[in-house]
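As structure tokens, the structure follows; a few thoughts come after it.
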Amino acid sequence: MSALQAINNQTARPVADDLVAEPLLQVSDIGLLFGPDKGCQEVGFDLYPGEVLGIVGESGSGKSTLLNVLSGRSQPDAGTIHYRQDSGVVTDLYASTEAQRRTLLRTEWGFVEQNPRDGLRMTVSAGANIGERLMAQGVRNYGVLRSESLRWLRQVEIDESRIDDLPRTFSGGMQQRLQIARNLVSHPRLVFMDEPTGGLDVSVQARLLDMLRALVRDLGLAVIIVTHDLAVARLLADRLMVMRRSRVVESGLTDQILDDPQHPYTQLLVSSVLQP
Ligand SMILES: Nc1ncnc2c1ncn2[C@@H]1O[C@H](COP(=O)(O)OP(=O)(O)OP(=O)(O)O)[C@@H](O)[C@H]1O
């Protein structure tokens, strides 16, 4: 029995008839607090297939804490998260074992770290970095692994001749593109991103953002992206959640929130970006 089948067997709920209209992720009253208003609390939302949700807010508002809880990496103090697998079976994330959550992260999910060094294996080649997730899914044929790695290097605009090079010989922007290829090669359905363009030069950021936007659209990916950069949110996200001191203070369609913010904190956030 595969690890994913094991998840199905242990935490399966009845499958609803209409899969198309069903959310991919159902988050209900989630919280993880490290101190008063430090972390995240009372967060709930549904995410649908192909939807891009941005989490914005100032430093320390709880964005990364929330992302870690949503992606199965930090056990919450409260609330539930249900994920609808490709098979249609719904999994209660924190009723599963840690090993089962890790399997999800390697198969149907992806996680793009802000620092590519945290998301890449720096001691193996670019090709091996891409092939690894396919191997985790049971692909063993060397020819397939090699050709898929080459295909994904092309997709993220890295010269194919670099396939046997170590990632540490790549620029920051190339490393980030390699991390994206490593995540997307296995056709995940949901990808978490923590400030994926942070720490890069502005021109490199713009190119990466264009690429991300095209990939997300072409692959129909659902994405939850944390960013403090409202321009990144505007470009990528369909919907936004604005966080302040561990709570979501406003949520809705991205254009609506950025063009007509209702909460005073969002108004401040938007106006401070617009002012030189
Ligand atoms: N493991 C931890 N132990 C104790 N406190 C933590 C821990 N992780 C986060 N915090 C605290 O929780 C609060 C929220 O942190 P978090 O990193 O989620 O914010 P953020 O919005 O992602 O900030 P940034 O944009 O600077 O990354 C902060 O006050 C932080 O110091």
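Everything numeric in this text was worked out from a predicted model, so none of it was measured.
Remark: Arg151 engages Glu148 in a side-chain hydrogen bond (donor to acceptor under 3.5 Å, both in side chains) (not counting sequence neighbours).
Around CZ of Arg245, the count of heavy atoms belonging to other residues, nucleotides or ligands within 6.0 Å does not exceed 12. Remark: Arg154 CZ is packed, more than 12 non-hydrogen atoms of other residues, nucleotides or ligands lying under 6.0 Å away.
If you take CG on Leu47 and CD1 on Ile81, they are separated by 11.5 Å, rounding to the nearest 0.5 Å. The CG atom of Asn115 lies 8.0 Å from the CD atom of Gln176; values are rounded to the nearest 0.5 Å.
A salt bridge links Arg234 with Asp255; the closest basic N to acidic carboxylate O contact falls under 4.0 Å. Electrostatic pairing of Asp165 and Arg162 counts as a salt bridge here, judged by a charged N lying under 4.0 Å from a carboxylate O. One finds no salt bridge joining Glu157 and Arg177 here, because no Lys/Arg side-chain nitrogen approaches an Asp/Glu carboxylate oxygen to under 4.0 Å. Ion pairing between a basic and an acidic side chain is recognised when a charged N comes within 4.0 Å of a carboxylate O; Arg244 and Asp37 show no such pairing.
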Could you go step by step and tell me if Ser203 and Asp201 meet the side chain to side chain donor-acceptor pair (under 3.5 Å) rule?
CA-CA 6 Å; Ser203 64; Asp201 287 354; 5.3 Å; no
Determine, step by step, whether Tyr83 and Arg101 satisfy the side chain to side chain donor-acceptor pair (under 3.5 Å) criterion, reporting the C-alpha distance in whole Å, the side-chain angles of both residues, the deciding distance to 0.1 Å, and the verdict.
CA-CA 11 Å; Tyr83 169 65; Arg101 287 195 294 275; over 6 Å; no
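Formation of a donor-acceptor pair under 3.5 Å by the Tyr265 side chain with backbone atoms of Glu250 is not found in this model. Looking at Glu108, its side chain never comes within 3.5 Å of a backbone N or O of Leu190 through a donor-acceptor pair. With hydrogens and angles ignored, the 3.5 Å screen pairs a side-chain donor or acceptor of Gln205 with a backbone N or O of Thr197. When atom types are taken as modelled, the side chain of Arg239 and the backbone of Val52 share no donor-acceptor pair closer than 3.5 angstrom. Counting only distance, with no hydrogens or angles, the side chain of Arg182 and the backbone of Leu120 share no donor-acceptor pair below 3.5 Å.
Here the options are Thr80, Asp46, Val43, the test is side chain to side chain contact (heavy atoms under 4.5 Å, CB included), and the partner is Ser28; only Thr80 passes.
The ring pair (Phe, Tyr, Trp, His ring centres under 6.0 Å) analysis of residues 188-220, with sequence neighbours excluded, yields the pairs Trp109-Phe192.
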